[in-house]
Each structure stands twice: as structure tokens, then as C-alpha cells.
Amino acid sequence: MARGKMSRERVLDAALVLADEVGVAGLSMRKLGAALGVEAMTIYYYVPNKDAVLDGLVERVMTGTFTVDPQAGWRALLRDFATSFRNELRRHPGVLQLVATRPVATPGALRTLEAAVAVLREAGFGLRESFHVLNTVAMFTTGHCLAEVDPPGVEPGAAPELDSEEFPNVAAAIADGLGTPADHQARFDLALDALTEGFASIKAPRA
């Protein structure tokens, strides 16, 4: 691949595909170069080091399909962010552990954060409260996906055999669909609604 056809975006696209195949632990600049058809050193024209690649992956998953709409209102903002973030994590399970442990650091991700905080502050949240609200939604979404999605190379474990007489409620819930994709969606919606209502109770009323 000629250097002129390369870009930071293409490097991150390839890194995301590779991470989904081998996990972040298996991601290297050499493997990334091979995936792009270039020498590893060529990549450094577009990202300075592997840390920059990892930061870019966090940015891509957290903000890749999410745009702050200042007119949508703070409740819609939180739901749009959580839904977009969850969808991206489900599409790219290879970066789940990375996102769970690596803070937002790139200018692109910080610009999205700045815009989201501005919406929350306009709605009546305090400065630090606004960051706490967004961080709580991000942590909830990440934790939900960690329980929902298997990382690359990990096979889901077999469901335990239950004695329905000893554990009647657990057995009945499983028979009713507990742990299915539809149940994951219902649990996500329920918890996000509860979080939003809780946030509304701490928001200062508009003058």
C-alpha cells in the first residue's frame, strides 16, 4: 500500500479489525503493518507509537458513531451515547478490556466529551456532576458489555444445571429467557432508565 493512500483513520480501522481477531494483547505494530501491507515503520508517519494506536481505538469505539446534538436534550444525549457505545463494543469485543481500563485521551474524544458536558451544564448539572454522569454511563455500558460479550478466542461457558426445587426463581427466570439477547437488551434499557431518573433527581432546576 502506497504511503499516500495511508491515513490515521486507515491505521485505526486495521487495528480495530486486528484487535477483534487477536485481542489487544496480540496487537503489535509489526502485525498492524502486515495487515496494512506496509513496513511497521511506515505506520509511525500516522501514529507516533502503539499507545497512540490504543488511544485511537478508545476514541473510535466511544465516539465513532456518536455525535452530540445540543438540541436533543440531556436525556436523549445519555441514551444516544450509551446505545451507540454499546453497539460499538458489541461489534468490537476485542477492545472491551482496553476501553474498560484506558481513559479518553485523544483530541477527538475530548472534543466529544466537551460538547456533551456543555449540554449537561446547560440542563442544570454542575461542572463535576456532568463529568460524573457521563463517566457513570460509560462505566455502566462497559460493564454491561463485559458480561454480555465474549472476548476473541473465548468460548461461552455451559449453563449450570439447576435443581428447580432448590432454586425455583432462578430456574423459572432462565426458562423465561434470562440471559438471552432479548433479556440483555431489556436489562440494559431498565438500568439506563433508572440511571437517568436518578440523575434527574440531582439536577439543579433551571431558573
Side-chain angles (χ1 to χ4, degrees), residues 7-17 19-20 24 27 46-149 151 188-207:
S7 66
R8 176 177 180 269
E9 289 68 30
R10 295 198 68 177
V11 170
L12 293 180
D13 286 343
L16 199 53
V17 172
D20 284 338
V24 171
L27 179 63
Y46 307 96
V47 288
N49 48 47
K50 184 178 178 180
D51 279 343
V53 174
L54 299 181
D55 288 339
L57 291 180
V58 174
E59 173 193 329
R60 179 64 60 86
V61 172
M62 291 194 75
T63 68
T65 62
F66 172 66
T67 302
V68 175
D69 179 0
Q71 308 303 320
W74 70 272
R75 292 172 183 268
L77 168 78
L78 296 183
R79 178 161 291 280
D80 288 348
F81 168 56
T83 300
S84 169
F85 188 24
R86 176 174 175 245
N87 288 342
E88 287 299 290
L89 288 174
R90 293 175 68 197
R91 276 195 287 265
H92 303 292
V95 299
L96 252 172
Q97 293 288 340
L98 176 69
V99 172
T101 57
R102 197 173 189 91
V104 169
T106 63
L110 290 173
R111 280 190 288 271
T112 299
L113 177 62
E114 182 71 26
V117 167
V119 172
L120 291 172
R121 296 204 70 192
E122 176 65 21
F125 290 94
L127 176 60
R128 291 180 64 185
E129 286 176 346
S130 298
F131 284 93
H132 294 336
V133 165
L134 291 169
N135 188 54
T136 298
V137 171
M139 289 192 298
F140 154 68
T141 305
T142 303
H144 188 282
C145 289
L146 283 170
E148 181 181 10
V149 181
F188 179 80
D189 291 336
L190 175 68
L192 187 56
D193 287 342
L195 282 174
T196 303
E197 289 307 308
F199 294 143
S201 71
I202 66 170
K203 182 174 70 71
R206 294 297 304 274

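Because the structure is predicted, anything quoted here is derived from the model rather than measured.
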Please test Val149 against Leu89 for side chain to side chain contact (heavy atoms under 4.5 Å, CB included), starting from the C-alpha separation and ending with a verdict. CA-CA 8 Å; Val149 181; Leu89 288 174; over 6 Å; no
List the steps and the verdict of side chain to side chain contact (heavy atoms under 4.5 Å, CB included) for Arg79 and Leu192. CA-CA 7 Å; Arg79 178 161 291 280; Leu192 187 56; 3.6 Å; yes
Please assess Trp74 against Glu122 for the test side chain to side chain contact (heavy atoms under 4.5 Å, CB included), listing each intermediate value before the final yes or no. CA-CA 9 Å; Trp74 70 272; Glu122 176 65 21; over 6 Å; no
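In this structure, the separation between OG1 on Thr196 and NZ on Lys203 is 12.5 Å, given to the nearest 0.5 Å. For the atom pair CG of Leu195 and CG of Leu78, the computed distance is 9.0 Å after rounding to the nearest 0.5 Å. Atom CG of Leu146 and atom CE of Met139 lie 12.5 Å apart (nearest 0.5 Å). The OG1 atom of Thr67 sits 9.5 Å away from the CG atom of Asp80 when rounded to the nearest 0.5 Å.
Side-chain atoms of Thr106 come within 3.5 Å of backbone atoms of Ala109 as a donor-acceptor pair (strictly under, hydrogens ignored). The backbone N or O of Phe131 sits nowhere less than 3.5 Å from a side-chain atom of Asn135 that would complete a donor-acceptor pair.
Asp20 and Gly94 make their closest contact through OD1-N, 3.1 Å (heavy atoms, listed as atom of the first residue, atom of the second, distance). Contact detail for Ala52 and Val47: the closest heavy-atom pair is CB-CB, 4.3 Å. Here the closest non-hydrogen pair linking Ala15 and Leu57 is CB-CD2, 3.9 Å. Taking each heavy atom of Ala19 and Val95 in turn, the nearest pair found is CB-CG1, 3.9 Å. Contact between Arg102 and Asp51 at its shortest, heavy atoms only, is NH2-OD1, 3.3 Å. Scanning all heavy atoms of the two residues, the minimum distance from Val137 to Ala82 falls at CG1-CB, 3.7 Å.
Under the side chain to side chain donor-acceptor pair (under 3.5 Å) criterion, Thr142 pairs with no residue at all, not counting sequence neighbours. For Asp13, the salt bridge (Lys or Arg N to Asp or Glu O under 4.0 Å) partners are Arg60, not counting sequence neighbours.
One finds no salt bridge joining Arg111 and Glu59 here, because no Lys/Arg side-chain nitrogen approaches an Asp/Glu carboxylate oxygen to under 4.0 Å. Remark: Glu197 engages Arg75 in a salt bridge, criterion side-chain N to carboxylate O under 4.0 Å. Note on Asp55 versus Lys50: no salt bridge recorded, every NZ/NE/NH1/NH2 to OD/OE distance being 4.0 Å or above.
At least one side-chain heavy atom of Leu113 sits under 4.5 Å from a side-chain heavy atom of Leu134. Side-chain atoms of Leu54 and Leu98, non-hydrogen and from C-beta on, do get closer than 4.5 Å to each other. Side-chain contact between Leu110 and Glu114: absent, with no pair of heavy atoms (C-beta onward) separated by less than 4.5 Å. Within the 4.5 Å cutoff, the side chain of Leu77 has heavy atoms near those of the Leu120 side chain. A heavy-atom distance below 4.5 Å is found between the side chains of Phe199 and Thr136.
Geometric assessment of Arg86 against the ring of Phe188 yields a positive cation-pi assignment under the 6.0 Å and 45° thresholds.
The salt bridge (Lys or Arg N to Asp or Glu O under 4.0 Å) contacts involving residues 89-100 comprise Glu88-Arg91, Arg90-Glu148, where partners must be two or more places apart or lie in separate chains.
Taking the six-membered ring where the residue is Trp, Phe81 and Phe85 present parallel rings, their angle staying beneath 30° rather than reaching 60°.
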